[in-house]
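Below, chain A is the first sequence line, B the second, and so on; all start at residue 1. Keep in mind that the numbers below use all heavy atoms, side chains included, and drop hydrogens, waters and symmetry copies.
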2 protein chains.
Amino acid sequence: MDTLLTIQQVADKTGLSEHTLRYYERIGLIESIDRADNGHRRYSDVDVGWIEFLKCLRATGMPVMQMKAYADLTRVGDHTIEARLELLKEHRRAVLAQIEEMQAYLSVVDYKIDYYTKEKERIETCSEN
Amino acid sequence: MDTLLTIQQVADKTGLSEHTLRYYERIGLIESIDRADNGHRRYSDVDVGWIEFLKCLRATGMPVMQMKAYADLTRVGDHTIEARLELLKEHRRAVLAQIEEMQAYLSVVDYKIDYYTKEKERIETCSEN
DNA sequence: TCTTGACTTAGAGCACACTCTAAGATGTAT
DNA sequence: ATACATCTTAGAGTGTGCTCTAAGTCAAGA
């Protein structure tokens, strides 16, 4: 199928707002989308797929400017595949490092939760007497 | 030991900037710190410990306003232990959920990395002939 | 015909978490 | 004495990523 979608439909489908979709296009994250006769945007399945991938990059914390660099690479041809690969691999490393950092910091929070749980029990035990 | 530290020493030790330390104090994340005769801040070990815990909350993505809520609870006495516990547990759930989300999105990035790796090999193989 | 609603643009505004500035007080070294 | 570093405050400024506004076009329905 190659049904073309309006911006509203794409917003619903992707969870990004219409504002954000236009913003992403303006800054070059999304290549200029086909237009209907009245000038309204018409998104193809390929466009939506690209937007979904952008979501993956954003949701994993990639800065918009880095996403722009990646987007630019995809537009200039196959000879940038190696560069794209490097960019994604580097991002992957960064994400895994960030997850590990969060887990390490979270373990301190866990420790505190443990402490409060015991403290709470102690207080409750005292008040029973 | 209960050596008192200057703001610069605490900045070095915690990795937060002096600006950030003052900012945290201003917005009530850090309780007002003891002063030397000349009005300069003098941080105790307990203060530094608290700041380190704040770092754990921030590094795991807790918004500053929620940290403020937690800080406020710690100041009004033992009867808020349950509330503090709930806040930390809720945060813990949120962090784990976020990590899972990131991992899910990252797996799409992994898929792309795989695709590009194969694509690159294919291109290299072609050019060998 | 009139209204409603979806869309367009350029550009302004906003929330968050800092980050920096300006002006001034104080302390130490030469 | 003088230079320099370190600190103080209140408040302004910054970067990021949206998010909203205003003014206008266009098409379908009552």
Task: Value in whole Å for how far the P atom of D:dC18 lies from CG of A:Leu54 - done: 11 Å
TODO: Taking the six-membered ring of B:Tyr105 (Phe, Tyr or Trp), confirm whether the NZ or CZ of A:Lys55 is under 6.0 Å from its centre and within 45° of its axis.
DONE: no
Open item on the list: Can you see whether B:Ser107 engages B:Asp110 through a side-chain donor-acceptor pair at a distance of less than 3.5 angstrom?
Closed with: no
TODO: Can you tell me the distance, in whole Å, between the CG atom of B:Asn38 and the P atom of C:dT28?
DONE: 9 Å
Open item on the list: Please report the interatomic distance CD(A:Glu101) to OG1(B:Thr60), rounded to the nearest 0.5 Å.
Closed with: 9.5 Å
Open item on the list: Between P on C:dC7 and CG on A:Asp37, what's the gap in Å once rounded to a whole number?
Closed with: 16 Å
Task: Separation of atom CE in A:Met67 from atom C1' in D:dC18, rounded to whole Å - done: 12 Å
Task: Nearest to side-chain heavy atoms of B:Gln8, which nucleotide of D:dC18, D:dT6, C:dC7 - done: D:dT6
Task: Integer-rounded Å distance: D:dT8 C1' and B:Leu21 CG - done: 14 Å
Task: Atom-to-atom span, CG of A:Asp34 to C1' of C:dC7 - whole angstrom - done: 16 Å
Open item on the list: Without decimals, in angstroms, what is the distance between A:Arg26 CZ and D:dG17 C1'?
Closed with: 12 Å
Open item on the list: Once you apply a heavy-atom cut-off of 4.0 Å, does B:Arg22 come out as touching a base, just sugar-phosphate, or nothing?
Closed with: base
- [ ] Check every atom of C:dA17, D:dC7, D:dT9 against the side chain of B:Arg41 and return the nucleotide holding the closest atom.
- [x] D:dT9
Task: Given D:dT21, C:dT8, C:dC18, the nucleotide with the shortest approach to the side chain of A:Ile7 - done: C:dT8
Open item on the list: Is it true that A:Tyr70 and A:Arg84 share a donor-acceptor pair across their side chains at a distance under 3.5 Å?
Closed with: no
Open item on the list: Any base atoms under 4.0 Å from B:Arg35, or only sugar-phosphate, or nothing? Heavy atoms, all strands.
Closed with: sugar-phosphate
Open item on the list: With nearest nucleotide decided by heavy atoms, which residue, A:Gln9 or B:Tyr24, maps closer to the 5′ end of DNA chain C?
Closed with: A:Gln9
Task: Whole angstrom value for the distance that separates P of D:dG17 from CD of A:Gln66 - done: 10 Å
TODO: Could you check whether A:Ser17 gets within reach of a base, just the sugar-phosphate, or nothing at all, counting any heavy atom under 4.0 Å?
DONE: nothing
Open item on the list: In the structure I gave you, are the side-chain heavy atoms of A:Thr6 and A:Gln9 within less than 4.5 Å of one another anywhere?
Closed with: yes
